[in-house]
2 protein chains.
Amino acid sequence: MSNAKALPLLEPSEAPAAAVPCCPPLSERPFTAEEAERTARMFKALGDPVRLRLFSAVASHEGGEACVCDISDVGVSQPTVSHHLKKLKEAGLLTSERRGTWVYYRVEPSVLAAMGQLLAVR
Amino acid sequence: MSNAKALPLLEPSEAPAAAVPCCPPLSERPFTAEEAERTARMFKALGDPVRLRLFSAVASHEGGEACVCDISDVGVSQPTVSHHLKKLKEAGLLTSERRGTWVYYRVEPSVLAAMGQLLAVR
DNA sequence: CTGCAGTTTCGATAGATGTCTATGTTGACG
DNA sequence: CGTCAACATAGACATCTATCGAAACTGCAG
């Protein structure tokens, strides 16, 4: 093909979803529907065992980042791993960057802090 | 009836699931399959907007407890509310107690602390 | 240019989940 | 005892989701 412009459209749904400036602590006041919708996305992303293992693997990896090949050993096929990493990315919990052959994922530290605040006791 | 022993059988599946003594911080080391399975249950329970609103409503209510009638206004039918409260209970996030006509739900404070620890930064 | 390894995307499918209506249970009150 | 109100359970249904194999894409090395 030798094309040089093969991706004319980039879905904005691919964006990091801005999960950081999220919400008040859960026990401060009842969540509104909108707050709940936004916050539930993050919890839901961590609500799958495979995703939780992938997230933990990235978070605990040296330098806070890991390439897919480092963490693919979670008992499911490689496309499934990719699928879950995408979900975590869409939830704003991970970011990715391609360096040569490999793709590296890293955790967004501010997100961990934000979720910690959610669970703070009044 | 004036009975004193009317509940002969109580499913153990109804038990609080012992969510408290859970796991090390997510970023300490990669989770094992078993740890992930256990921990994901809690995140999953909070991964639904309606459940999150119900949980927030209970957590922020005076005294840390609320009767169902106080928090049922989340836009779904009454059986659905009951269903979600049951899920939260099974996940070990809420406990319930009947007092007369009303059933009161309250948060397990230790659970919030445990989940907060999960998200602690290394 | 061609092949290869790492990664993502696509299409399909089985199982899980959220929601409803209808019905059951429990306690309070005449 | 009868009725009403507060919750819970049961069953049905539509939608979502996790998973896989196959195929496409990307960068690197001959």
Side-chain angles (χ1 to χ4, degrees), chain A residues 1-11 13-14 33 36-37 40-41 43-54 58 65-91 94-105, chain B residues 1-11 13-14 33 36-37 40-41 43-54 58 65-91 94-105:
Chain A
M1 275 206 292
S2 82
N3 66 357
K5 43 193 312 183
L7 10 158
L9 40 93
L10 249 180
E11 291 297 333
S13 63
E14 201 71 3
E37 199 79 42
R41 260 196 288 270
F43 283 114
K44 189 183 219 170
L46 294 178
D48 179 272
V50 174
R51 280 199 292 271
L52 203 50
R53 289 187 74 185
L54 290 171
V58 173
E65 73 173 13
C67 92
V68 179
C69 57
D70 286 329
I71 59 177
S72 299
D73 195 24
V74 289
V76 295
S77 72
Q78 192 274 329
T80 301
V81 169
S82 191
H83 165 75
H84 283 306
L85 287 172
K86 184 179 182 181
K87 284 290 192 77
L88 288 167
K89 204 165 112 183
E90 286 172 357
L94 293 180
T95 61
S96 70
E97 179 193 0
R98 176 155 216 151
R99 289 207 287 274
T101 304
W102 296 280
V103 176
Y104 289 82
Y105 282 82
Chain B
M1 273 206 299
S2 79
N3 66 352
K5 44 194 308 184
L7 3 160
L9 41 94
L10 252 179
E11 290 299 330
S13 63
E14 199 72 4
E37 198 79 42
R41 259 195 288 271
F43 283 114
K44 189 184 223 169
L46 294 179
D48 178 271
V50 174
R51 280 198 293 272
L52 203 50
R53 289 186 73 185
L54 290 171
V58 172
E65 74 173 11
C67 91
V68 180
C69 57
D70 286 330
I71 58 177
S72 299
D73 195 23
V74 288
V76 294
S77 71
Q78 181 270 325
T80 301
V81 168
S82 192
H83 167 74
H84 284 306
L85 287 173
K86 184 179 182 179
K87 284 289 192 78
L88 288 167
K89 205 164 111 182
E90 285 171 358
L94 292 180
T95 60
S96 69
E97 180 194 358
R98 176 156 213 153
R99 291 208 286 276
T101 304
W102 296 280
V103 175
Y104 289 83
Y105 282 80

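Residue numbers start from 1 in every chain, and the chains themselves are labelled A, B, ... in the order their sequence lines are given, proteins ahead of strands. Heavy atoms only: backbone and side chains are in, while hydrogens, waters and symmetry mates are out.
Counting to the nearest Å, the P atom of D/dA8 and the OH atom of B/Tyr105 are 4 Å from each other. Rounded to whole angstrom, the span from the CZ atom of A/Arg99 across to the P atom of C/dT7 amounts to 12 Å. Rounding to whole angstrom units, CG of residue A/Leu46 and P of D/dA18 are separated by 12 Å. Going from atom CG of B/Leu85 over to atom P of C/dG18 covers 13 Å, rounded to whole Å. Here the C1' atom of nucleotide C/dT8 and the OH atom of A/Tyr104 are 17 Å apart, to the nearest Å. Taking atom CZ on A/Arg98 and atom C1' on C/dT9, their separation rounds to 13 Å, with Å as the unit. Between the NE2 atom of B/His84 and the P atom of C/dG18 there is a distance of 6 Å, given to the nearest Å. The NE2 atom of B/His83 sits 11 Å away from the P atom of C/dC20 (whole-angstrom rounding).
Here B/Val81 lies out of heavy-atom contact (under 4.0 Å) with every strand.
Distance SG/B/Cys69 to CD/B/Gln78: 11.0 Å, rounded to 0.5 Å.
Judged by closest nucleotide on DNA chain D, B/Ser96 is the one of B/Ser96 and A/Val76 placed further toward the 5' end. Nearest-nucleotide mapping onto DNA chain D: of A/Thr101 and A/Val50, the residue sitting toward the 5' end is A/Val50.
Geometrically, A/Arg98 does not engage A/Tyr104 in a cation-pi contact defined by less than 6.0 Å to the ring centre and at most 45° from the axis.
Here B/Thr80 reaches the OP1 or OP2 of C/dC20: one of its side-chain N or O atoms lies under 4.0 Å away. Contact annotation: A/Lys86 does not reach the phosphate of C/dT7 (side-chain N/O to OP1 or OP2, under 4.0 Å). Within the structure, every side-chain polar atom (N or O) of A/Lys87 is placed at least 4.0 Å from both OP1 and OP2 of D/dT17. Checking the phosphate oxygens (OP1, OP2) of D/dC20, a side-chain nitrogen or oxygen of A/Ser77 falls inside 4.0 Å.
Comparing atom distances between the B/Val68 side chain and each of C/dT19, D/dC7, D/dC20 picks out D/dC7 as nearest. In this structure, the nucleotide among D/dC20, C/dC20, D/dC7 sitting nearest to the side chain of B/Trp102 is D/dC7. Across C/dT19, D/dA8, C/dT8, the shortest atom-to-atom separation from the side chain of A/Ser82 is found for C/dT8.
Using a distance-only test at 3.5 Å, with no hydrogens or angles considered, a donor-acceptor pair links the side chain of A/Arg51 to the main chain of A/Ala45.
Pairing each heavy atom of A/Leu46 with each of A/Leu52, the nearest pair is O-CD1, 3.7 Å.
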Could you go step by step and tell me if A/Ser96 and A/Lys89 meet the side-chain hydrogen bond (donor to acceptor under 3.5 Å, both in side chains) rule?
-> CA-CA 8 Å; A/Ser96 70; A/Lys89 204 165 112 183; 2.9 Å; yes
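In the interface, the side chain of B/Gln78 is not paired with the base of D/dA6 through any donor and acceptor atom under 3.5 Å apart.
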